[in-house]
Each structure stands twice: as structure tokens, then as C-alpha cells.
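Scroll down for the structure; my scribbles are underneath it.
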Amino acid sequence: MSEWTKHNLIDLKDLTKEEIELILDTAKSFKEISTRDVKKVPTLRGKTVVMLFFESSTRTRLSFELAAKRLSADTLSVAASSSSMTKGESILDTARNIEAMNVDMIVVRHKSSGVPNILADGLKASVINAGDGCRAHPTQALLDIFTIRERFGKVAGLNVGIVGDILHSRVARSNIWGLKTMGAHITVCGPSTLMPRGIEQLGVKVSHNIDEVIASSDALMLLRLQQERQEDKFLPSTREYAKVFGVNRAKLKNAKKHLLIMHPGPTNRGVELSSDVADGEFSVILSQVTNGVAIRMAILYLLLGTKDKLELEGKI
Ligand code: CP
């Protein structure tokens, strides 16, 4: 088994197959804790984890908080809108001041790509990227890969379709990096205006035919239209998008019996998928959320273990 040596988690591009497998295996062993009557172990007692979220979040923020609490770490949440950043303090200065209170880890979400790298370069505390701009959302991709592996017992050789607003999706990018590393075959599908130019260079196939992608996929990830990141008009209308790329029961008629319908959330029912598909027998959307807690427990545990080791060796 691979040894964990990383102090920060910024991108899945930075991880080897062995490191991803170590996270998945660690998460598998932690998953059971959340099913106990007393959902708590003392593993990270005395550690402090700070949530620094500059964008709205339900799943990621709450699952990081739960993950930290279930490992007995203390947690703090900083609401950017009521912090001193509204008085002109930079994000790095804010983070340095938080770090000066002897916190061990900062989990950051920001609308600008690269913010987690700036914090990781400027802090001794471990930094986890909880989503930066259109660039990366590594813990989402890890919980997606965990969910696929849990259902199929493997990832290598599976066909994964990623459908929707690929251009603005950090979830798509992180999943492409992670799933490719794990040996999956990926097809991205969506309107040409929402397809990044040159995406084939990441080793994925591009299709604009949703029926073909559904028929060939073992897992299908549906992505929300990221309206908040779209500065131009990329589509004639949301209705038109739903008609062509939205997944409903009729479109699933040629799907494999074991197809997994996945969605990182938040879902827009009636746009990227119909309600009967979101709640139907193919859907693993809520399993993804459950698995998000176990994945984040694993990441907190592995990163904080490395931080302790680096501190003992005088390297940070
Ligand atoms: N998948 C995801 O990042 O959801 P939230 O925005 O609710 O955290």
C-alpha cells in the first residue's frame, strides 16, 4: 500500500493511482463510523479545521464539518461576508491570521481558480481545495470515484459519460483527471458551446449525441448548467438544453441495466434530469452524498497525519 506524503489537497492531477486508492481504501474503513449510534472516534482529537467558504455550499461544507466532528476535531466556519475581508484584508492575510490561532487545516472554496494554491504556498496549515472557480473540485471527484468503485468493485475499464456544461465545470475536470488515472474510459457530452476547445487532449472522447453516450455508459454524471459562471449566452434556452441533453425515462430505454446516474448536486430537476430519473432505480445521487463524508474523513486523517510528521521532522 502507498504511503501518504502530501500536506495539501489541491488537484487530483497531483495524485498517483496508488494515492487515490489509498484515499478510497481509507474512506471505506471510515464509512462504517457514520452508521454507528455514537458516530465519533477520537482519531483527530485536539486538531482544528477551519471552513473558509466564499461560495454557497450545502454538501461540501456540511460533509467536511461532519467528517471533522466524527473524527473529534474542532471546527470553525468563517462566513466571508461578515469577516474582515469586507474591510479590504486580502484572503492570504485573513488565512494567516486564522493560522496564527494555531489551526491545523483550512478548507477553502472560492469562485476564483488558484486561490487554494495561494493559501497552500503561504501557510503551514494544510489546505484542502473545496472547489475553485471552473478549475478543480478534488473531493467531489474522489467521492464520485468511490461511489463507482463501491458499486462495480473496480474503476478500470468502465465507460463513464460526463454530460452537460463541461466548459464551466470543476467537477468535470477533477473527474477526468481522477477517472483517467484510475483507468476509466471517459466520454464528455454536451452542447458544442459548452465544450472546452482541445478537451480531447485530456484523453477523453467528445460526443454531442446523448443517446449514444447513455447506451455505452456504465456511469453517467449529469452536470448542472453553471449559470453563475457563464458570462455570455451559451444556449438558446434552458428549455432547449433540457429537451436535447436532459435525461428522462424515455432517454434511458437503451441504458445498461446496471447504469449509475450520478450528479454532484445541486440538481435542477426538469433541466439536466427529470424527477423520476433523479429518484429512480438508476440514481446513486444520495449515495454520493453519504460517501462524501467518508471521503472527507479519509482526507482529513491522511493530510493531518502528514502534517504531524513534517512538523516533527522540522520541515514546516
Ligand atoms: N457538489 C457540491 O459541491 O455541492 P455543494 O455546492 O452543495 O457543496
Side-chain angles (χ1 to χ4, degrees), residues 9-12 23 27 34 49-70 75-81 105-116 127-148 150 160-179 188 190 219-230 247 260-269 271-273 277-279 283-300:
L9 179 64
I10 307 299
D11 262 355
L12 287 197
I23 296 173
S34 294
V49 180
V50 175
M51 313 296 155
L52 198 50
F53 276 63
F54 295 85
E55 265 187 4
S56 309
S57 169
T58 300
R59 284 146 286 265
T60 311
R61 190 173 63 76
L62 290 182
S63 62
F64 265 116
E65 282 201 24
L66 277 176
K69 286 182 195 322
R70 286 181 185 169
T75 63
L76 291 175
S77 253
V78 180
S81 59
M105 176 173 277
I106 293 187
V107 181
V108 62
R109 169 172 287 194
H110 202 283
K111 69 176 186 338
S112 300
S113 302
V115 165
V127 175
I128 298 179
N129 180 4
D132 64 327
C134 301
R135 199 173 67 121
H137 193 350
T139 61
Q140 177 67 45
L142 286 165
L143 74 87
D144 293 337
I145 296 168
F146 182 93
T147 305
I148 292 172
E150 187 176 56
V160 181
I162 307 180
V163 179
D165 181 359
I166 311 294
L167 184 64
H168 299 99
S169 176
R170 55 197 179 204
V171 174
R173 270 172 198 72
S174 286
N175 264 297
I176 291 170
W177 290 324
L179 285 164
V188 289
L220 195 65
M221 292 183 184
L222 307 178
L223 303 175
R224 186 173 62 86
L225 293 173
Q226 313 277 310
Q227 312 269 16
E228 71 278 18
R229 294 186 206 134
Q230 297 182 9
V247 175
L260 303 187
I261 293 283
M262 308 179 73
H263 196 304
T267 53
N268 287 137
R269 289 169 185 251
V271 182
E272 58 268 19
L273 77 178
V277 170
D279 302 328
S283 173
V284 291
I285 295 171
L286 293 179
S287 300
Q288 290 172 262
V289 178
T290 303
N291 290 335
V293 178
I295 279 291
R296 287 163 180 133
M297 287 168 85
I299 291 162
L300 296 179

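Remember, it's 1-based here, ligands and their atoms both numbered in the order they're listed.
Contact analysis puts G265 in contact with ligand 1, with a non-hydrogen atom separation below 4.0 angstrom. Residue H137 places a heavy atom less than 4.0 Å from ligand 1.
Protein heavy atom closest to atom 2 (C) of ligand 1, with residue, atom name and distance, is T60 OG1, 3.5 Å. Atom 1 (N) of ligand 1 has its closest protein heavy atom at P264 O, 2.8 Å.
Counting heavy atoms from C-beta on, the side chains of L62 and R59 never come closer than 4.5 Å. Residues P264 and H137 are not in side-chain contact: their nearest non-hydrogen atoms beyond the backbone lie 4.5 Å or more apart. Side-chain atoms of L220 and V163, non-hydrogen and from C-beta on, do get closer than 4.5 Å to each other. Contact check for R269 versus D279: side-chain heavy atoms found under the 4.5 Å cut-off.
Looking at R109, Q140, R59, it is R109 that brings a heavy atom closest to atom 6 (O) of ligand 1.
Side-chain atoms of R109 come within 3.5 Å of backbone atoms of S56 as a donor-acceptor pair (strictly under, hydrogens ignored).
Under the 4.0 Å criterion applied to side-chain N and carboxylate O atoms, R173 and D11 are not assigned as salt-bridge partners.
Ligand 1 has an N or O atom lying under 3.5 Å from an N or O atom of T58, backbone or side chain. Between P266 and ligand 1, no N or O atom pair is found at a separation short of 3.5 Å.
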